[in-house]
Protein chains: 2
Amino acid sequence: MAVTGPGRPRRGPGMTEVARAAGVSQKTVSRVVNGEPHVSPEVRDRVLRAVQELGYRPNNAARALLLGRYRRIGVVSLGSALYGPSTLLLALERAMHRVGYSFALAGTLEGQPVQVAVEALLEQGVDGIVLSEPIDDGAPLRLSADVPVVSLGEGVEVGQGRSAVVGADGLVAARIATEHLLSLGHRTVWHIPGPHDWWAARDRVRGWREALAAAGAPEPPLPVEGDWSPASGYAAGRQLAGLSDVTAVFAANDDMAIGALRAFAEAGLSVPGDVSVVGFDDIPAAAYLSPPLTTVRQDFTAVADRAVDVLIAMIEGGPAPAERTDIPVELTVRASSGPVREPAPPLR
Amino acid sequence: MAVTGPGRPRRGPGMTEVARAAGVSQKTVSRVVNGEPHVSPEVRDRVLRAVQELGYRPNNAARALLLGRYRRIGVVSLGSALYGPSTLLLALERAMHRVGYSFALAGTLEGQPVQVAVEALLEQGVDGIVLSEPIDDGAPLRLSADVPVVSLGEGVEVGQGRSAVVGADGLVAARIATEHLLSLGHRTVWHIPGPHDWWAARDRVRGWREALAAAGAPEPPLPVEGDWSPASGYAAGRQLAGLSDVTAVFAANDDMAIGALRAFAEAGLSVPGDVSVVGFDDIPAAAYLSPPLTTVRQDFTAVADRAVDVLIAMIEGGPAPAERTDIPVELTVRASSGPVREPAPPLR
DNA sequence: TAGAACTTTGACTACGTAGTCACAAACCTC
DNA sequence: GAGGTTTGTGACTACGTAGTCAAAGTTCTA
């Protein structure tokens, strides 16, 4: 019996109706629509005209049901509007558009395991999944999915499925930022960290540590942990401003750097005169702060492009790449970082 | 014949396999999975156990093909990582999650008509469309879609379909910001506008004009049009700094306000001593700038919730609401705006 | 010019799901 | 205890598409 309840929406014409209009079989319409060979020019024209007239639009659900392929990629995101994550998200959309895939987003709610979002995407139907700005609860992230997964950060264990890792090189970036400050003559560099359950934040801490160790600089204690917000950077900045020997600070993102700048200003410390500050992200406002902020820029477009390319390769049956891919980063030096100030000259 | 080419991915079990395992019919599995009544507890248990064991996951493509409903909403976005748009996007995702819909995103590429993105969403299969941060080329936006459309901004003409408008009240917001500055004693208020093809930008210009007119204040000319970026705000700020009678500036967003602040600082103008500045958005950094920025906050969560509710109502067959919905805004006064400075006192 | 090879077209089918209907069994109601 | 209603279950079907195969027509080859 026909399924035609009252709540059922009108549908557009299908291939069968186009076929009738063009006087051919449904299969021939399928061939024309999909650009398959072995269709005579006249028939192709007739079909295309009918498509035009009827306003035919392919039904992706039917195609997906038949083929088991959706031409859709799911993205799991924390759903924060932070500069990095949102820029990345939009870059992913563009990258998927480029390869003809559509974009489905699932946010993870606080306290919920990532698997919940993955499940939602799988149910909706996706050929692959990108894990953006991932966090974890300490233990390495384990997922179950029957499609390939690309993680933008650390590796993920995916039961039964293939997975790969693509990321901006946060570790190297943090090292570069720290080395920049050390090269200006600072004895050591303090770090305002992001939340420890973010992989990106941990990477930056590690990079900072490595740079200090490599230079033989002492590793100062971490101030209160930030949450990426200017408010948390301000809190950390106040702590640091209270210490006497802080001359260089590397904040895990620009927003926290902004908060720290504010704290230093309120404490009467000049930047970079008394304290040098380096941020992370190169948000558009960075160059227009007072003082303009030295920071590290990640190439989110490159990360997204690479992530999608890797994912598509796996979707099409290729093996998971053995190595992670890291996209290089770039340090932009502005006025907020400068040479260490001479110790107050003795009375002359 | 079975469709089983080599490129075809393995699929999970379907209801039929679950049914076999549980010793019932496929239809009964359907009843259990969808929580329909008239299933005996024992059978329900048996089915649920089989579902668990086999790792059954509903196939949304099949459901959609049958019902013509996707439980998916498409969002058309400009794809800019600006604070407002990205915050809105993520709020939309959450709102859709709340009502059990999934989220599909289509970005409009520069120079391409919005209809292209709409078409992509329709082809992929969505029950409704949200037009976020929309722009137009001067002429009112006309779309063709056979699903309901909610525009977050101005009205859109949708051929054959129903449509509604939900927005933060940018007009009122701009009026409030302007009135705030006038109430501090400024003779008039200058405006740094956003791009004129953004509805939001035009709204703010109109609100500013209305407030000036209502107060009988003269309407100063607009400086160079901004593009929402700090750089463009800086350029406009330099223009304004060169004029002698500028004491109050309302920038169409916080980023441009940041640029303007920088320009004023470089010109030796103090804020708010010489010039008061008000922004728009209340980005997290606004409170930590030097000086902290007076700005207007929009409630994106409320906008998104309302937009999704309205859309769902239309999807479920309801009529399009006749009136647009506007979400109230809130002015946050900080240190960047202050009373007009007394004219330089005559020599005493 | 016979047969092989290719081109063009269509009939048939399956993908996984939920609506419709049929029917048996259990439960009422008076 | 006859008639009616409700409950529980399954058979059958359609949704729109593309793969498979068959068949007729056309061109090429020896």
Side-chain angles (χ1 to χ4, degrees), chain A residues 1-47 51 54-71 122-125, chain B residues 1-47 51 54-71 122-125:
Chain A
M1 221 61 340
V3 175
T4 35
R8 196 139 296 100
R10 295 176 302 114
R11 299 158 172 282
M15 284 188 174
T16 315
E17 290 168 64
V18 173
R20 190 165 26 243
V24 298
S25 75
Q26 172 265 320
K27 178 70 229 215
T28 296
V29 174
S30 165
R31 277 192 266 258
V32 171
V33 167
N34 294 306
E36 286 172 32
H38 306 316
V39 179
S40 71
E42 313 96 272
V43 169
R44 163 166 273 114
D45 275 4
R46 269 215 317 278
V47 170
V51 162
L54 297 180
Y56 167 78
R57 193 176 286 128
N59 182 322
N60 207 36
R63 201 191 221 113
L65 174 58
L66 184 60
L67 301 181
R69 289 275 303 267
Y70 299 85
R71 291 199 79 73
L122 291 177
E123 206 160 299
Q124 142 173 217
Chain B
M1 224 59 342
V3 175
T4 36
R8 198 142 291 102
R10 294 176 301 114
R11 298 156 174 282
M15 283 188 176
T16 315
E17 290 168 63
V18 174
R20 189 166 27 241
V24 297
S25 74
Q26 171 264 321
K27 178 70 230 215
T28 295
V29 176
S30 165
R31 276 192 268 259
V32 172
V33 167
N34 294 306
E36 287 173 31
H38 307 318
V39 180
S40 71
E42 313 95 271
V43 169
R44 163 166 272 114
D45 275 4
R46 272 217 314 281
V47 169
V51 161
L54 297 180
Y56 167 78
R57 192 176 286 128
N59 182 323
N60 206 35
R63 201 192 220 112
L65 174 58
L66 183 60
L67 301 180
R69 289 275 303 265
Y70 300 86
R71 293 200 77 73
L122 291 176
E123 205 161 303
Q124 140 173 219

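Order of the sequence lines fixes the chain letters, A, B, ..., with proteins taken first and strands second; residue numbering starts at 1 for each chain. Quick caveat: nothing in here was measured; it's all calculated off a predicted structure.
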Between dT20(C) (P) and Leu67(B) (CG): distance, integer Å: 11 Å
With sequence neighbours excluded, residues passing side-chain hydrogen bond (donor to acceptor under 3.5 Å, both in side chains) with Arg63(A): Asn34(A)
Angle of first-five versus last-five pair axes in the helix from dT1(C)-dA30(D) to dC30(C)-dG1(D), to 10 degrees: 20°
side-chain N/O Tyr70(A) vs dT17(D) OP1/OP2, d < 4.0 Å: no
Contacts of type side chain to side chain contact (heavy atoms under 4.5 Å, CB included), residue Arg57(B), not counting sequence neighbours: Glu119(A), Leu122(A), Glu123(A), Asp146(A)
Length of the line joining Leu66(A):CG and dC15(C):P, which is rounded to integer Å: 9 Å
For nucleotides 9-11 of chain D, give me every protein contact, N/O to N/O, under 3.5 Å, one pair per line with atom names.
| residue | atom | partner | partner atom | Å |
| --- | --- | --- | --- | --- |
| dT9(D) | OP1 | Ser40(B) | OG | 3.0 |
| dT9(D) | OP2 | Ser40(B) | N | 2.7 |
| dT9(D) | OP2 | Ser40(B) | OG | 3.2 |
| dG10(D) | OP2 | Ser25(B) | N | 3.0 |
| dG10(D) | OP2 | Ser25(B) | OG | 3.2 |
| dG10(D) | OP2 | Thr28(B) | OG1 | 2.5 |
| dG10(D) | N7 | Arg31(B) | NH2 | 2.6 |

Where Val24(B) and Val29(B) come nearest, the two heavy atoms and their spacing: CG2-CG2, 3.9 Å
Rounded distance in Å - CE (Met15(A)) to C1' (dG19(D)): 13 Å
Phosphate OP1/OP2 of dA18(C) contacted by Asn34(B) side-chain N/O (<4.0 Å): yes
Closest non-hydrogen atom pair, Gln124(A) against Tyr70(A): O-CE2, 4.4 Å
Length of the line joining Glu17(A):CD and dC15(D):C1', which is rounded to integer Å: 12 Å
Atom pair distance, as rounded to whole Å: CZ in Arg20(A) and P in dT17(D): 13 Å
Spacing of Glu123(B) atom CD relative to dT17(D) atom P, expressed in whole Å: 10 Å
N or O in side chain of Arg63(B) less than 4.0 angstrom from dG16(C) OP1/OP2: no
Where Met15(A) and Val33(A) come nearest, the two heavy atoms and their spacing: CE-CB, 4.2 Å
All side chain to side chain contact (heavy atoms under 4.5 Å, CB included) counterparts of Thr16(B), not counting sequence neighbours: Gln26(B)
Those residues that, when tested against Ser25(A), pass side-chain hydrogen bond (donor to acceptor under 3.5 Å, both in side chains) (two or more places apart): Thr28(A)
Distance, rounded to the nearest Å, where Glu36(B) contributes CD and dT20(C) contributes P: 11 Å
Nearest-angstrom distance from the residue atom CZ of Arg57(B) to C1' of dG16(C): 15 Å
Spatial distance of atom NE2 (His38(A)) from atom CZ (Arg44(A)) [nearest 0.5 Å]: 11.0 Å
From Asn59(B) atom CG to Leu65(B) atom CG, the distance as rounded to the nearest 0.5 Å: 9.5 Å
